[in-house]
K.L.:
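Just dropping this structure here.
No experiment lies behind these values; they were computed from the predicted model shown.
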Amino acid sequence: MSITEIPRQYDSVQVEERWYQHWMQKGYFRSVPDDREPFTIVIPPPNVTGVLHMGHILNNTIQDILVRRARMQGKNALWVPGTDHASIATEAKVVQKLRAAGIKKGDLSREEFLQHAWDWKENYGGIILEQLKKLGASCDWSRTRFTMEPTMSEAVIDVFVDLYRKGMIYRGLRMINWDPEARTALSNEEVIYRDVSDKLYYVRYPIKDQQDYVVVATTRPETIMGDVAVCFHPDDPRYSGLKGKKLIVPMTGREVPVIFDTYIDMSFGSGALKVTPAHDINDYEIGKRHQLEVIDVFNEDGTMSEAAGLWVGEDRMLVRKKAAAKLAELDLLEKVEDLMHSVGFSERTDAVVEPRLSLQWFLAMDKLATPALEAVMNDEVRLIPSKFKNTYKHWMENIREWCISRQLWWGQRIPAWYYGPGEEDYVVAKNEEEALEEARKKTGKSGLSLAELQQDPDVLDTWASSWLWPISVFDGFSDPRGRDINYYYPTQVLVTAPEILFFWVARMIMAGLEYRGEVPFRDVYLTGIVRDKQRRKMSKSLGNSPDPLEIIAEYGADGMRVGMLISSSAGNDILFDIKQCEQGRNFANKIWNAFRLVKGWEIRPGNNPDNQAAVLWFENKLKRSVSELEQQLNDFRISEALKQLYSFVWDDFCSWYLEFIKPAAGQPIDEATHGASIRFFEVLLKLLHPFMPFITEEIWHYLLPRAEGEDLTIAPWPSQHSWDDSTIEKGEAAKDIIGKVRELRNARQLGFKEALPLYVQAESLKDYEAFSPIITKMGKISEFKAVQEEQPGALGFISGTTRFFLISQESADPAAERERINAEMGRLQGFLLSVEKKLSNERFVSNAAADIVERERQKQADAQEKLRLLEQQLASLN
RNA sequence: GGGUAAUUAGCUCAGUUGGUUCAGAGCACCGCCUUGACAGGGCGGGGGUCACUGGUUCGAAUCCAGUAUUACCCACCA
């Protein structure tokens with residue numbers, strides 16, 4: 001192939017599409033259990049409502065790197081893809097879509113609605129997975145799972161029934177978080193608290209049979225109609241006279257008692273709290289202590305209920321303003337202050353969450369949490385970075401019951417059947433038949449019919465299926481002794497965002513331990529959050545997330561992968577900058593052009609001895625690099641690994657090695673050097689492949705003729721060998737000399753056209769012999785030889801502890817030269833001083849490790865030698 | 001209120017066990033180069049008191065304490 005046939009710029013678009021097809025067609029990502037060591041990752045299933053955003057890119061690129069490397073290492077690598085039904089998020093989406101079409105959810109039957117939801121899932125649910133293919137994700141697509149497919153739902157139901165029978169799941173009346181928009185209960189984890197600026201209203205509550213009133217501060221005048229008492233601190237002298245008095249609730253005229261409770265903060269507001277047990281968790285507790293009634297003034301959609309008596313059917317937020325106005329009108333509003341306080345919002349709908357008393361299903365967490373905490377504390381599950389261990393511990397030690405029921409339709413329906421109006425008139429069973437049987441047993445009525453049973457209308461929290469994911473993707477519930485579950489479980493790594501450490505990771509560990517007796521994964525790699533330049537989290541709703549597909553189209557998937565990872569250490573947020581993708585693309589182009597160079601050479605037989613030193617140098621350096629990269633990847637220092645590889649390829653391979661061996665224009669290269677270079681390139685491609693799968697596979701096939709199926713994706717990972725440091729050092733010394741020649745040429749504006757003589761002050765050239773042709777070539781040296789005597793007028797420099805003279809026709813400027821030397825000497829003297837200070841310190845010599853002291857001595861000797869040489873040089877100028 | 005971390009060049013970030021002049025990378029910037037791989041490039045360069053104050057140590061960007069600022073997590077105040 002001639003170089004002119006290869007385009008100067010790498011075109012990612014056509015390459016990437018082609019190779020992904022090929023890999024799929026070859027089935028390289030497929031995995032079935034065999035004798036090899038498994039390496040398994042289960043994807044954090046994206047929501048079916050999702051489209052690919054930058055967070056997914058980061059996350060899935062890391063997973064792909066780990067899986068591809070494992071595959072090349074000869075492990076049986078499996079990456080299981082799938083999606084999550086995302087109960088509340090999807091239901092909200094479907095409701096929204098129906099509304100746009102003029103259909104109200106309430107007008108549909110459950111079955112009709114679910115049909116719409118399934119349609120929606122069929123149409124949009126797979127989009128995100130298709131997008132992952134563009135990224136190069138090497139998932140086994142034949143194993144794609146969905147959290148609401150039949151076997152997965154069965155697992156959820158089985159687990160529910162099991163936990164119910166173990167007494168860990170129960171039904172109860174609790175104050176829960178209510179989302180009035182989605183009209184469902186939420187778990188604590190689904191409530192996001194934000195500080196908002198609000199008004200604090202000081203309302204006058206008249207004292208019964210007196211002309212006086214008490215001032216009560218509240219942020220929620222719309223709940224006044226639900227007041228059942230006014231509470232003070234028992235030690236508050238301002239209000240001790242109110243004992244036994246009744247107060248009149250404004251606007252309603254209702255009489256409520258004055259009560260006292262130590263819960264009250266005397267310093268807040270007026271030290272008086274209106275007690276509304278239906279709408280505040282603390283009020284509810286107070287209400288229980290004082291046997292107060294509960295007046296729920298809201299409907300489930302957040303409008304005022306009949307019980308409120310006022311503004312019935314109007315939204316609570318609107319009523320807040322109206323109530324304030326009304327109070328002012330009645331002269332019962334003393335003043336209004338601004339107040340910053342935190343308010344809970346629904347994670348999914350962003351509606352203001354209302355505390356609401358309702359009958360829900362709960363899962364007790366304490367028994368599950370104990371072993372799951374233990375597993376992380378003793379590193380059976382390693383969190384990376386480990387700083388998350390503390391957070392995890394804190395959460396697990398303060399864990400509370402999990403509200404698992406949702407007043408929605410899209411999800412696994414709660415397997416409870418009711419046969420009567422009583423609180424205990426229900427059974428929990430895996431299906432209708434079993435439920436009927438149980439109900440007959442429980443009631444003693446053998447004639448009980450299915451028609452008399454009413455299944456609970458609610459569904460389970462999405463996470464009630466997600467927490468089983470690492471088990472259920474391998475059918476570990478339906479077939480607990482199956483080959484898949486026993487081979488692939490526990491998985492190796494979970495890669496996810498720290499935000500769902502509790503939602504998901506902790507619960508998976510619990511489920512794994514409860515149902516498999518084994519943790520679900522060994523390592524949890526927690527990525528950072530992708531933010532924009534203003535440090536805002538990238539999200540679709542903010543509109544600040546670029547479309548990954550557009551980035552792929554412009555910079556290539558390889559370029560984006562590199563850009564995303566180049567500065568993203570584990571657990572640290574990353575500020576996304578498109579410049580980094582550009583850097584990634586440029587890197588791809590660099591590799592492409594290195595390939596063009598190597599491929600474009602004409603080859604002649606033989607072995608050019610001039611190149612041997614370069615080949616040896618690079619060979620050893622490559623071995624060292626392989627070893628270092630291996631270490632980095634084992635430690636999950638993925639970004640570091642990439643950076644190191646990047647600079648190894650760009651600097652050492654392209655800028656140095658290829659320049660070392662590059663023949664003069666139009667000249668052929670010797671076969672031996674060329675062969676070695678191809679082998680080096682192959683190793684580099686292998687190392688690069690997990691990071692940049694497409695371009696490496698493309699070049700792999702052009703580099704050498706390959707047999708059918710001899711693809712890089714399944715090529716063996718480079719094995720590790722020992723290397724020789726002294727060989728590497730020789731090359732580094734040559735680089736230093738060349739660099740210094742260039743520096744001089746630049747500083748003295750000598751240009752690079754004219755060849756100049758370079759002399760070494762030494763007995764012979766022997767130390768530089770091997771690299772002599774290379775130094776000559778790259779420094780544009782006309783004559784490289786050893787001399788003993790001073791070279792007056794030459795441009796001198798020191799490399800290592802040896803003096804060099806660059807002979808130039810341009811007369812050296814002695815003043816400038818002196819200045820340069822003096823500056824250098826100044827620096828060296830400072831350095832020497834610090835070294836000598838250390839060495840003269842007896843405590844250093846006696847306390848520091850022997851090799852450290854020895855190193856310091858070496859430094860001292862080097863510095864002294866250099867100083868001596870510089871003095872010589874200075875002297876020669878005079 | 002409790003917790004976890006961060007603070008290093010103009011920007012974004014590395015810096016693993018305290019030990020080589022260890023103060024680094026990329027981007028940005030400046031000079032030179034239309035060199036037969038690559039201008040999406042090459043060669044060279046400038047730029048930082050490692051937030052601050054103390055301490056430990058022979059030795060601190062690195063360990064400890066405090067201060068300031070920032071971010072996130074958890075809890076939550078009417």
Side-chain angles (χ1 to χ4, degrees), chain A residues 3-4 6 8-10 188 193 200 216-220 231 263-265 268-276 280-283 339 341-342 344 385 387-391 393-395 398 498-499 501-502 529 533 535 555 559 566-569 571-577 579-580 582-583 585-601 631-632 635 637 639-640 643 646-647 654-655 658-659 662 664-666 739 742-747 749 751-753 827-828 830-831 834-835 837-838 841-849 851-853 855-856 858-859 862-863:
Chain A
I3 196 161
T4 49
I6 312 172
R8 292 158 73 94
Q9 288 193 352
Y10 171 66
N188 297 327
Y193 288 92
L200 183 62
V216 177
T218 179
T219 53
R220 308 204 57 188
C231 189
Y263 167 77
I264 302 301
D265 174 2
F268 188 91
S270 60
L273 172 74
K274 65 186 212 53
V275 183
T276 323
D280 185 281
I281 179 70
N282 295 304
D283 290 20
L339 179 75
H341 68 149
S342 81
K387 68 180 179 188
F388 287 107
K389 266 170 99 166
N390 288 324
T391 331
K393 179 162 183 269
H394 184 257
W395 191 77
N398 294 285
E499 351 170 50
L501 187 58
F502 307 128
I529 294 167
K533 281 188 203 158
R535 293 195 175 272
Y555 299 98
I566 200 87
S567 69
S568 61
S569 48
N572 288 341
D573 288 358
I574 66 169
L575 265 64
F576 180 77
D577 187 344
K579 280 263 177 200
Q580 287 174 354
E582 196 181 323
Q583 191 188 346
R585 180 200 59 183
N586 293 352
F587 183 43
N589 199 48
K590 186 74 184 176
I591 298 167
W592 182 249
N593 276 287
F595 155 67
R596 285 182 72 222
L597 176 70
V598 170
K599 205 56 200 171
W601 280 325
Q631 193 55 51
Q632 306 267 31
D635 294 346
R637 303 166 64 84
S639 176
E640 276 294 298
K643 274 195 258 194
Y646 175 97
S647 105
C654 295
S655 296
L658 290 179
E659 294 296 336
K662 191 158 117 184
R742 285 169 170 172
E743 200 181 322
L744 270 181
R745 282 181 180 267
N746 238 313
Q749 297 176 315
F752 288 86
K753 293 244 167 75
R827 265 186 20 213
L828 261 178
F831 174 57
S834 78
V835 172
K837 200 173 131 198
K838 264 188 222 177
N841 184 335
E842 216 165 286
R843 284 195 286 179
F844 169 72
V845 180
S846 53
N847 289 341
D851 58 324
I852 301 285
V853 178
R855 224 184 282 168
E856 290 297 317
Q858 190 59 48
K859 273 154 57 177
D862 276 7

K.L.:
Rounded to whole Å, how long is the line connecting atom CD1 of A/Ile281 with atom C1' of B/A75?
P.N.:
13 Å
K.L.:
Using OP1 and OP2 only, check whether a side-chain N or O of A/Thr391 sits under 4.0 Å from B/C72.
P.N.:
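A/Thr391 to B/C72 OP1/OP2: no side-chain N or O under 4.0 Å.
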K.L.:
Mind checking if A/Tyr263 touches a base, just sugar-phosphate, or nothing, with heavy atoms under 4.0 Å?
P.N.:
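Counting heavy atoms under 4.0 Å across all strands, the contact made by A/Tyr263 is with sugar-phosphate only.
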K.L.:
Can you tell me the distance, in whole Å, between the CG atom of A/Asn398 and the C1' atom of B/G1?
P.N.:
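From A/Asn398 CG to B/G1 C1': 14 Å.
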K.L.:
Taking the P atom in each of B/C73 and B/G26, what is the distance between them to the nearest angstrom?
P.N.:
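One P to the other, the span is 33 Å.
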K.L.:
Is A/Leu200 close to A/Phe268 at the side-chain level, that is, under 4.5 Å between some pair of heavy atoms?
P.N.:
yes
K.L.:
Can you find a side chain N or O atom of A/Arg637 that sits less than 4.0 Å from OP1 or OP2 on B/G15?
P.N.:
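Yes, A/Arg637 has a side-chain N/O under 4.0 Å of OP1/OP2 on B/G15.
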K.L.:
Report yes if the side chains of A/Leu501 and A/Trp395 come closer than 4.5 Å at any heavy-atom pair, otherwise no.
P.N.:
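No - every pair of side-chain heavy atoms lies 4.5 Å or more apart.
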K.L.:
Taking ring pair (Phe, Tyr, Trp, His ring centres under 6.0 Å) as the criterion, tell me which of A/Phe587, A/Tyr555, A/Trp592 meets it with A/Tyr10.
P.N.:
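Of A/Phe587, A/Tyr555, A/Trp592, ring pair (Phe, Tyr, Trp, His ring centres under 6.0 Å) with A/Tyr10 is met by A/Trp592 alone.
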K.L.:
Just the rounded figure in Å: distance from C1' of B/C72 to CG of A/Asn390.
P.N.:
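Interatomic distance, CG of A/Asn390 to C1' of B/C72: 14 Å.
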K.L.:
So, is A/His341 near the phosphate of B/A78, with a side-chain N or O under 4.0 Å from OP1 or OP2?
P.N.:
yes
K.L.:
Within the structure shown, what part of the strands sits under 4.0 Å from A/Ile264 by heavy-atom distance: base, sugar-phosphate, or nothing?
P.N.:
base
K.L.:
What protein N or O atoms touch nucleotides 55-59 of chain B N or O atoms at under 3.5 angstrom, if any, and at what distances?
P.N.:
| residue | atom | partner | partner atom | Å |
| --- | --- | --- | --- | --- |
| B/C58 | OP1 | A/Asn847 | ND2 | 3.3 |
| B/C58 | OP2 | A/Arg843 | NH1 | 3.3 |
| B/C58 | O2' | A/Asn841 | ND2 | 2.7 |

K.L.:
Assess whether one donor atom and one acceptor atom, taken from the side chain of A/Ser342 and the base of B/C76, lie less than 3.5 Å apart.
P.N.:
yes
K.L.:
So A/Cys231, base contact, sugar-phosphate only, or nothing? Heavy-atom distance under 4.0 Å.
P.N.:
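The residue A/Cys231 makes no contact with any strand.
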K.L.:
Closest nucleotide of RNA chain B for A/Gly271 versus for A/Tyr646: which of these residues is on the 5' side?
P.N.:
A/Tyr646
K.L.:
Any idea which of B/G19, B/A5, B/A78 is nearest the A/Arg855 side chain?
P.N.:
B/G19
K.L.:
Base, sugar-phosphate alone, or nothing: which one does A/Ser639 contact when heavy atoms must sit under 4.0 Å apart?
P.N.:
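Nothing, no heavy atom under 4.0 Å.
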K.L.:
Checking all strands, does A/Phe388 fall into the base, sugar-phosphate, or nothing category for heavy-atom contacts under 4.0 angstrom?
P.N.:
nothing
K.L.:
Taking the minimum atom-to-atom distance to the side chain of A/Lys579, which one of B/C27, B/C43, B/U16 wins?
P.N.:
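The closest nucleotide is B/C27.
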K.L.:
Would you indicate whether the side-chain heavy atoms of A/Arg742 and A/Arg745 approach each other to under 4.5 Å?
P.N.:
no
K.L.:
Nearest of B/G44, B/U12, B/A78 to any side-chain atom of A/Gln580?
P.N.:
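Output: B/U12.
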K.L.:
Hey, does A/Ile852 have a side-chain heavy atom less than 4.5 Å from the side chain of A/Arg855?
P.N.:
yes
K.L.:
Using the P atom on both, measure B/C76 against B/U16 and round to a whole Å.
P.N.:
38 Å
K.L.:
Using the C1' atom in both, what is the distance from B/U56 to B/A75, to the nearest Å?
P.N.:
36 Å
K.L.:
Roughly, in whole Å, what's the span from CZ in A/Arg745 to P in B/C43?
P.N.:
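Going from CZ in A/Arg745 over to P in B/C43 covers 15 Å.
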K.L.:
Among B/G44, B/G19, B/A78, which nucleotide has an atom closest to any side-chain atom of A/Asn746?
P.N.:
B/G44
K.L.:
Looking at every heavy atom in both A/Ser270 and A/Val216, which two are closest together, and how far apart are they?
P.N.:
OG-CA, 3.7 Å
K.L.:
Using heavy-atom distances to pick each residue's nearest nucleotide on RNA chain B, tell me which of A/Ile852 and A/Lys387 is more 5'.
P.N.:
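With A/Lys387 and A/Ile852 compared, the 5'-side residue is A/Lys387.
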K.L.:
CD of A/Gln580 to CD1 of A/Ile574: how many Å apart, nearest 0.5 Å?
P.N.:
7.0 Å
K.L.:
Using the side-chain heavy atoms of A/Tyr193, tell me which of these nucleotides is nearest: B/C73, B/U20, B/C76.
P.N.:
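Looking only at heavy atoms from C-beta outward on A/Tyr193, the closest nucleotide is B/C76.
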K.L.:
Indicate yes or no for a side-chain donor-acceptor contact from A/Asn593 to the backbone of A/Asn589 under 3.5 Å, with no hydrogens or angles considered.
P.N.:
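Confirmed, A/Asn593 side chain pairs with A/Asn589 backbone.
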K.L.:
What integer number of Å spans the P atoms of B/G18 and B/U12?
P.N.:
29 Å
K.L.:
From the list B/A37, B/G36, B/A78, which nucleotide is the closest neighbour of the side chain of A/Phe268?
P.N.:
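Out of B/A37, B/G36, B/A78, the nucleotide with an atom closest to A/Phe268's side chain is B/A78.
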K.L.:
Where are the stems of RNA chain B, defined as at least 3 consecutive Watson-Crick or wobble G-U pairs with both distances under 3.5 Å?
P.N.:
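Listed by first number, the stems are B:1-7 with B:68-74, B:10-13 with B:24-27, B:29-33 with B:41-45, B:51-55 with B:63-67.
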K.L.:
Please check this pair: side chain of A/Asp577 against backbone of A/Lys579, looking for a donor-acceptor N/O pair closer than 3.5 Å.
P.N.:
yes
K.L.:
Side chains of A/Glu582 and A/Asn586: does their closest heavy-atom pair fall under 4.5 Å?
P.N.:
yes
K.L.:
Without decimals, in angstroms, what is the distance between A/Ile566 CD1 and B/C27 C1'?
P.N.:
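A/Ile566 atom CD1 is separated from B/C27 atom C1' by 12 Å.
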K.L.:
Nearest whole Å is fine: how far is B/U17 C1' from A/Asp851 CG?
P.N.:
13 Å
K.L.:
On a whole-Å scale, what distance lies between the P atoms belonging to B/C58 and B/C13?
P.N.:
37 Å
K.L.:
Hey, does A/Asn572 reach any base, or is it just sugar-phosphate, or nothing, if we go heavy atoms under 4.0 Å?
P.N.:
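Sugar-phosphate only.
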K.L.:
Which value, in whole Å, describes the distance between the C1' atoms of nucleotides B/G19 and B/G59?
P.N.:
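Pairwise C1' distance, B/G19 against B/G59, rounds to 7 Å.
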K.L.:
In whole angstroms, how far is the C1' atom of B/C76 from the CG atom of A/Asp265?
P.N.:
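Taking CG of A/Asp265 and C1' of B/C76, I get 12 Å after rounding.
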K.L.:
Looking only at side-chain atoms of A/His394, point me to the closest of B/G44, B/U20, B/C74.
P.N.:
B/C74
K.L.:
Distance check, C1' atoms only: B/G10 and B/U67, in whole angstrom units.
P.N.:
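Rounded to whole Å, the distance is 27 Å.
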K.L.:
Write down the protein N/O and nucleotide N/O pairs, taken from nucleotides 38-41 of chain B, whose separation is under 3.5 Å; answer none if there are no such pairs.
P.N.:
| residue | atom | partner | partner atom | Å |
| --- | --- | --- | --- | --- |
| B/C38 | OP1 | A/Arg8 | NH1 | 2.7 |
| B/C38 | OP1 | A/Arg8 | NH2 | 3.1 |
| B/C38 | O4' | A/Asn593 | OD1 | 2.8 |
| B/C38 | O4' | A/Asn593 | ND2 | 3.3 |
| B/C38 | O2' | A/Asn589 | ND2 | 3.3 |
| B/C38 | O2 | A/Lys590 | NZ | 3.0 |
| B/C38 | N3 | A/Lys590 | NZ | 2.8 |
| B/A39 | OP2 | A/Arg8 | NH2 | 3.4 |
| B/G40 | O4' | A/Asn586 | OD1 | 3.2 |
| B/G40 | O2' | A/Asn589 | ND2 | 2.8 |
| B/G40 | N7 | A/Gln9 | OE1 | 3.4 |
| B/G40 | N7 | A/Gln9 | NE2 | 3.2 |
| B/G40 | O6 | A/Gln9 | OE1 | 2.6 |
| B/G40 | N2 | A/Arg585 | O | 3.2 |
| B/G41 | O3' | A/Lys590 | NZ | 3.3 |

K.L.:
The side chain of A/Leu575 is closest to which nucleotide in this list: B/A37, B/U12, B/U4?
P.N.:
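It is B/U12.
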K.L.:
Please check: side-chain N/O of A/Asn847 versus main-chain N/O of A/Arg843, any donor-acceptor pairing under 3.5 Å?
P.N.:
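Yes; judged by distance alone, with no hydrogens or angles, the pair exists.
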K.L.:
Determine the interatomic distance between C1' on B/G48 and the same-named atom on B/C29; round to the nearest Å.
P.N.:
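B/G48 and B/C29 have their C1' atoms separated by 15 Å.
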K.L.:
Should A/Tyr263 and A/Cys231 count as side-chain neighbours, where that means a heavy-atom distance under 4.5 Å?
P.N.:
no
K.L.:
Measure the distance from NZ on A/Lys599 to P on B/G36 and round it to the nearest whole Å.
P.N.:
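Atom NZ in A/Lys599 sits about 22 Å away from atom P in B/G36.
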